[in-house]
Amino acid sequence: MAVRKICFRASLAPEAQKSLSQLVHLYGNEPAGQADVMVALGGDGFMLETLHEARKLRVPVYGMHRGTVGFLMNEFREENLGDRLSQAEEAVIHPLRMIAHSKSGEIIEALAINEVSLLRQGPQAARLRITIDGKVRMPELICDGALVSTPAGSTAYNHSVHGPILPIGANILALTAISAFRPRRWRGALVPMTSSVRIDSLDSNKRPISAAADSEEARDVDHVEVGIAFDISHRILFDPGHGLEERLIREQFV
């Protein structure tokens with residue numbers, strides 16, 4: 001990958017802002033619309049924000065770890081950035097598309113690189129119904145919530161609630177319960193990546209729920225439809241030998 005123009009983006013964390021100043025001094029900073037690549041300085045949350053921004057510009061994103069969680073980030077080094085970018089391996093991933101229908105009739109559409117999650121808004125557990133490709137598979141799930149995760153996002157929130165880590169090349173999605181009460185032992189399911197997942201709230205008045213696509217939230221949700229947006233691509237760059245496939249395998253042996 002021949003790289004000439006770099007656009008730097010940094011989170012508000014002091015460490016990220018300090019690194020931004022150093023890198024801009026060394027390499028300059030092109031406007032986003034004129035850059036060949038975006039370099040994100042921060043943690044995984046900031047990387048997700050940058051990927052959403054870069055998609056509209058059709059440029060890849062190379063992250064360097066200057067935050068808390070850095071699964072999607074490369075090691076931070078100031079020197080030889082041009083060479084690292086030229087030699088970087090590219091991973092192309094497709095996000096989830098969430099269409100959330102609120103009780104008031106509002107429709108909220110958003111994209112999620114990691115996961116779409118539904119969570120109870122109040123003290124009472126949620127009552128959910130899960131439908132896959134038009135067929136009801138779970139008539140009633142009483143839980144704190146549920147999520148649908150991509151392979152790329154399977155080590156994030158999904159893994160923290162005991163969902164499976166998915167190989168990056170797996171054509172499946174993880175459907176994971178959050179603190180399931182009934183069926184108590186239900187841990188979730190794996191469904192084809194082409195699946196259309198619908199999750200309904202069975203008691204949205206008494207037990208309100210919210211839905212989130214990465215960091216974009218919808219409140220007082222009646223039902224949510226989730227599926228892969230195959231028409232949208234995100235391009236992520238990694239140092240050679242440290243791509244998504246290697247990271248996902250390595251994470252299982254920590």
Side-chain angles (χ1 to χ4, degrees), residues 44-45 47-49 51-53 55 69 71-72 93-103 106-121 125-138 141-166 168 170-180 186-202 204 207-234 236 244 248:
D44 281 351
M47 180 63 163
L48 294 178
E49 292 179 24
L51 284 168
H52 283 297
E53 178 185 357
R55 177 184 67 82
V69 180
F71 181 80
L72 296 173
I93 59 175
H94 302 292
L96 291 164
R97 177 179 283 115
M98 175 189 80
I99 303 175
H101 299 254
S102 72
K103 291 190 299 180
E106 183 183 6
I107 298 176
I108 301 94
E109 185 171 333
L111 298 172
I113 296 168
N114 275 354
E115 77 280 317
V116 171
S117 58
L118 283 80
L119 296 167
R120 67 179 190 177
Q121 285 180 204
R127 291 180 61 230
L128 306 177
R129 179 175 62 228
I130 300 174
T131 304
I132 309 294
D133 293 330
K135 184 173 183 177
V136 175
R137 295 291 185 178
M138 179 69 70
L141 172 64
I142 299 178
C143 57
D144 280 353
L147 62 84
V148 180
S149 171
T150 65
S154 64
T155 61
Y157 191 15
N158 172 71
H159 189 43
S160 72
V161 294
H162 308 294
I165 294 178
L166 306 178
I168 192 62
N171 292 317
I172 53 178
L173 301 173
L175 176 56
T176 304
I178 302 171
S179 300
W186 191 72
R187 295 296 185 184
L190 301 177
V191 300
M193 189 170 281
T194 55
S195 297
S196 174
V197 180
R198 173 170 168 152
I199 303 177
D200 288 80
S201 173
L202 297 178
S204 57
R207 304 167 184 259
I209 61 171
S210 62
D214 287 345
S215 61
E216 188 164 345
E217 186 184 33
R219 304 280 289 179
D220 297 316
V221 166
D222 177 75
H223 69 275
V224 171
E225 298 160 353
V226 183
I228 285 286
F230 287 104
D231 57 320
I232 295 174
S233 298
H234 294 285
I236 312 177
L244 268 182
L248 289 166

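Predicted model, so just to flag it, every value in this text is computed and none were measured.
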Legend entry - ring-ring contact (aromatic ring centres under 6.0 Å, His included) partners for His159, two or more places apart: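 Here no residue qualifies.
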
Of all the heavy-atom pairs spanning [X] and [Y], show the shortest one and how long it is.
{"X": "Ala218", "Y": "Ala100", "answer": "CB-CB, 4.0 Å"}
{"X": "Pro164", "Y": "Leu190", "answer": "CG-CD2, 3.7 Å"}
{"X": "Asn114", "Y": "Gly153", "answer": "OD1-CA, 3.3 Å"}
{"X": "Ala174", "Y": "Asn158", "answer": "CB-OD1, 3.9 Å"}
{"X": "Asp44", "Y": "Leu72", "answer": "OD1-N, 2.8 Å"}

Legend entry - Side chain proximity check, Leu96 to Leu173, heavy atoms < 4.5 angstrom: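 Of all side-chain heavy-atom pairs linking Leu173 with Leu96, at least one is under 4.5 Å.
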
Legend entry - Any donor-acceptor pair under 3.5 Å from Ser179 side chain to Asp144 backbone: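 No; zero donor-acceptor contacts below 3.5 Å.
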
Inset, instruction - Report the distance from atom CZ of Arg120 to atom CG of Leu128, rounding to the nearest 0.5 Å. - result: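 Interatomic distance, Arg120 CZ to Leu128 CG, rounded to 0.5 Å: 12.0 Å.
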
Inset, instruction - Check each of His234, Arg55, Met47 against Ile113 using the side-chain contact (heavy atoms from CB on, under 4.5 Å) test, and report the only one that passes. - result: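 Between Ile113 and the candidates, side-chain contact (heavy atoms from CB on, under 4.5 Å) is satisfied uniquely by His234.
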
Legend entry - Pairs meeting criterion ring pair (Phe, Tyr, Trp, His ring centres under 6.0 Å) with involvement of residues 207-231, two or more places apart: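 Passing the test, one end in residues 207-231: His94-Phe230, His101-His223.
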
Legend entry - Electrostatic pair Lys103-Asp222, nearest N-O below 4.0 angstrom: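 Result for this pair is no, no salt bridge flagged.
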
